[in-house]
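Take a look at the structure set out below.
Being a predicted model, the structure only gives us computed values, none of them experimental. Chain naming here is simple, since letters A, B, ... match the order of the sequence lines and numbering starts at 1 in each.
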2 protein chains.
Amino acid sequence: MRAESVPEPTLRRLPSYYHYLVRLREKGQEMISAAQIGEDLGVHHTQVRKDLAFTGSQGRPKVGHHVADLVASIETFLNWNNATDAFLVGAGHLGTALLGYAGFERAGVKIVAAFDTRPSIIGKKIRGVSVLPLEKLPDLARRMHISIGILTVPAEAAQDVADLMIASGIQAIWNFAPTVPDVPNGVIVENVALYSSLGVLSHKLAVHRRAALAASSGPKPA
Amino acid sequence: MRAESVPEPTLRRLPSYYHYLVRLREKGQEMISAAQIGEDLGVHHTQVRKDLAFTGSQGRPKVGHHVADLVASIETFLNWNNATDAFLVGAGHLGTALLGYAGFERAGVKIVAAFDTRPSIIGKKIRGVSVLPLEKLPDLARRMHISIGILTVPAEAAQDVADLMIASGIQAIWNFAPTVPDVPNGVIVENVALYSSLGVLSHKLAVHRRAALAASSGPKPA
DNA sequence: AATATATCAGGAACTCTGTCTCGATAAAAA
DNA sequence: TTTTTATCGAGACAGAGTTCCTGATATATT
Ligand SMILES: NC(=O)c1ccc[n+]([C@@H]2O[C@H](COP(=O)([O-])OP(=O)(O)OC[C@H]3O[C@@H](n4cnc5c(N)ncnc54)[C@H](O)[C@@H]3O)[C@@H](O)[C@H]2O)c1
Ligand SMILES: NC(=O)c1ccc[n+]([C@@H]2O[C@H](COP(=O)([O-])OP(=O)(O)OC[C@H]3O[C@@H](n4cnc5c(N)ncnc54)[C@H](O)[C@@H]3O)[C@@H](O)[C@H]2O)c1
């Protein structure tokens, strides 16, 4: 019960620290301060400390944190040290990009099979992963104890596929379709909603331009 | 100055409403209540009302909001009614998926050209968009007044490409690389950080399993 | 050995976001 | 026409999440 009380923003920032720290480690740097992490990643330094505290890692005054320890702490905390097997449904454009992307395996997810309904790709391998007919999903998911499903089908098919995944014992869905699937209590859904960052981008850009325009055509006094 | 005070969570939810409403409109539904939107999208109904209020749309008691009006209000508010031209750099796996994805054009962004350094794809067309050598970006970006850059290159190259984009007059960067580019003040950056949702997913799944395990091996009394 | 400094850690204060409550209003029903 | 009901909108409240502040501590400097 206690462990669930980790702020979601913290869970979203940790992967970002993780990547940063891995690159640092590759460069041979041994120690790092929270202040430096914060500056490079655009996060307040006290925030960085609080986030890292959740992973159980301790820093030392004057020298900071041990990079390798931090990496290990985050891995353990997020359960990224032994990747969980996942199925991907919808081996289209986006699905193909995700299949075989090395980054995910490091982030706790290993795509072991893909499923689709399109006859022309069934039986083929995409970036080393076999594409199987959707009908085989329920049986295989149960036998292989798959708990993560990645959803990259068109919006119209998303709900049906989500239902099928859940009926097959899948507990967590990583959804890339622009709809929110309706799932029973207890099933975890992470909606990626790529276009939602376009909401922020477009609006900020519009405001930015409006401000630039206002500034050029005579700034208003306070 | 006033218009900038829109909560970012609101900006992230609006696209989700938008997609939902467009589908509703296609099905022929004319009116919709905030309560219904909230239920279908997993957002509190008062939250939906507050978000929609930012767009300027007004609802009517007992009947709700006019679907078509809402769609138009959100489009206008997010500046999605006339798509802004964008350049994409890094026509690899992810870049290819993004190129030619119809959804973005509706979301205010039109990819008009792609750039890469890989000779084997330069000069080709990917899903209707030409891939050009990176060297041509600065000149073209200036001449075409491009303000949005989409970054889909490996992490190592991200900073250099971001610098080049900014030097070429690009004001907003949609970054898919797992690093946070360092940009001068005034430049807008939206980091997608796909793996960050894996932080949430992995951790929730781990907690979920721990809870299930604890429940099966004897629940603790309060 | 004493002092200075960089950094950490934990609690307090503040800000932002989301939820709850209430009165108003338009349509439908009696 | 009056009453009922579904819905809206605005303000009050509550809960997170972030930033600020203070004190502690390990290393470096004098
Ligand atoms: N391509 C992008 O850049 C992008 C960006 C954001 C979101 N998305 C979303 O991701 C999803 C996939 O996009 P895409 O561009 O890869 O589309 P796509 O058409 O290229 O691929 C969809 C795949 O799903 C398969 N499919 C369709 N119905 C299915 C079903 N019932 N069961 C199993 N497989 C089925 C199709 O055969 C196809 O292979 C869509 O929901 C889209 O909105 C895509
Ligand atoms: N593929 C995915 O599913 C996925 C998921 C999350 C994040 N990402 C991130 O997106 C980025 C791209 O991933 P990808 O899988 O498409 O990689 P990729 O290797 O398939 O594509 C990268 C492309 O960028 C080009 N490139 C390299 N250096 C360049 C430079 N300096 N200028 C211009 N172009 C350059 C390459 O030629 C290649 O075409 C990476 O940062 C990756 O971490 C990818």
Rounded off to whole Å, could you give me the [atom1]-to-[atom2] distance for the [X] and [N] pair?
X	N	atom1	atom2	value
A:Gln47	D:dA16	CD	C1'	11 Å
A:Leu11	D:dT18	CG	P	11 Å
B:His66	D:dT7	NE2	C1'	17 Å
A:Leu41	D:dT18	CG	P	14 Å
A:Leu14	D:dG17	CG	P	13 Å
B:Glu39	D:dA6	CD	C1'	15 Å
B:Ile32	D:dT7	CD1	P	9 Å

List the steps and the verdict of side-chain contact (heavy atoms from CB on, under 4.5 Å) for A:Arg25 and A:Leu70.
CA-CA 10 Å; A:Arg25 188 180 57 181; A:Leu70 270 187; over 6 Å; no

Just to confirm, is there a sub-4.0 Å distance from OP1 or OP2 of C:dT17 to any side-chain nitrogen or oxygen of B:Arg12?
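The answer is no; no side-chain N or O of B:Arg12 sits under 4.0 Å from OP1 or OP2.
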
Lys/Arg N to Asp/Glu carboxylate O, B:Arg13 vs B:Asp51, below 4.0 Å
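Salt bridge present between B:Arg13 and B:Asp51.
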
Where the side chain of B:Asn175 meets the backbone of B:Ala177, is there a donor-acceptor pair that is under 3.5 Å apart?
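Pair found, side chain donor or acceptor close to backbone of B:Ala177.
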
ring-ring contact (aromatic ring centres under 6.0 Å, His included) assessment of A:Tyr20 paired with A:Tyr17:
CA-CA 5 Å; A:Tyr20 171 86; A:Tyr17 302 154; 8.3 Å; no

When you match A:Glu8 and B:His65 each to their closest nucleotide on DNA chain D, which lands nearer the 5' end?
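Result of the comparison: B:His65.
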
First locate atom CG of B:Asn82, then atom CD of B:Glu75, and finally report the distance between them rounded to the nearest 0.5 Å.
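Result: 9.5 Å between the selected atoms.
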
Need one value for B:Ala53: base, sugar-phosphate or nothing, where a base atom within 4.0 Å counts as base even if backbone is also close, heavy atoms only.
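No contact.
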
Strictly under 6.0 Å, is that where the ring centroids of B:Phe77 and A:His203 end up?
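Yes: the rings meet the under 6.0 Å criterion.
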
Near DNA chain C, counting only heavy atoms under 4.0 Å, which residues of residues 191-201 of chain B show up?
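None - not one residue of the stretch has a heavy atom sitting under 4.0 Å from the strand.
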
Quick one: do B:Ile37 and B:Val43 satisfy side-chain contact (heavy atoms from CB on, under 4.5 Å)? Show the steps, please.
CA-CA 8 Å; B:Ile37 298 178; B:Val43 179; over 6 Å; no

Do you know which of A:Val183, A:Val189, A:Val161 makes side chain to side chain contact (heavy atoms under 4.5 Å, CB included) with A:Ile166?
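Among A:Val183, A:Val189, A:Val161, the one meeting side chain to side chain contact (heavy atoms under 4.5 Å, CB included) with A:Ile166 is A:Val183.
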
Could you run down nucleotides 20-30 of chain C 5' to 3' and tag each one B, S or - for protein heavy-atom contact under 4.0 Å?
BB---BBS---

Verdict with reasoning, B:Arg23 to B:His19, per side chain to side chain donor-acceptor pair (under 3.5 Å)
CA-CA 6 Å; B:Arg23 299 196 74 202; B:His19 256 267; over 6 Å; no

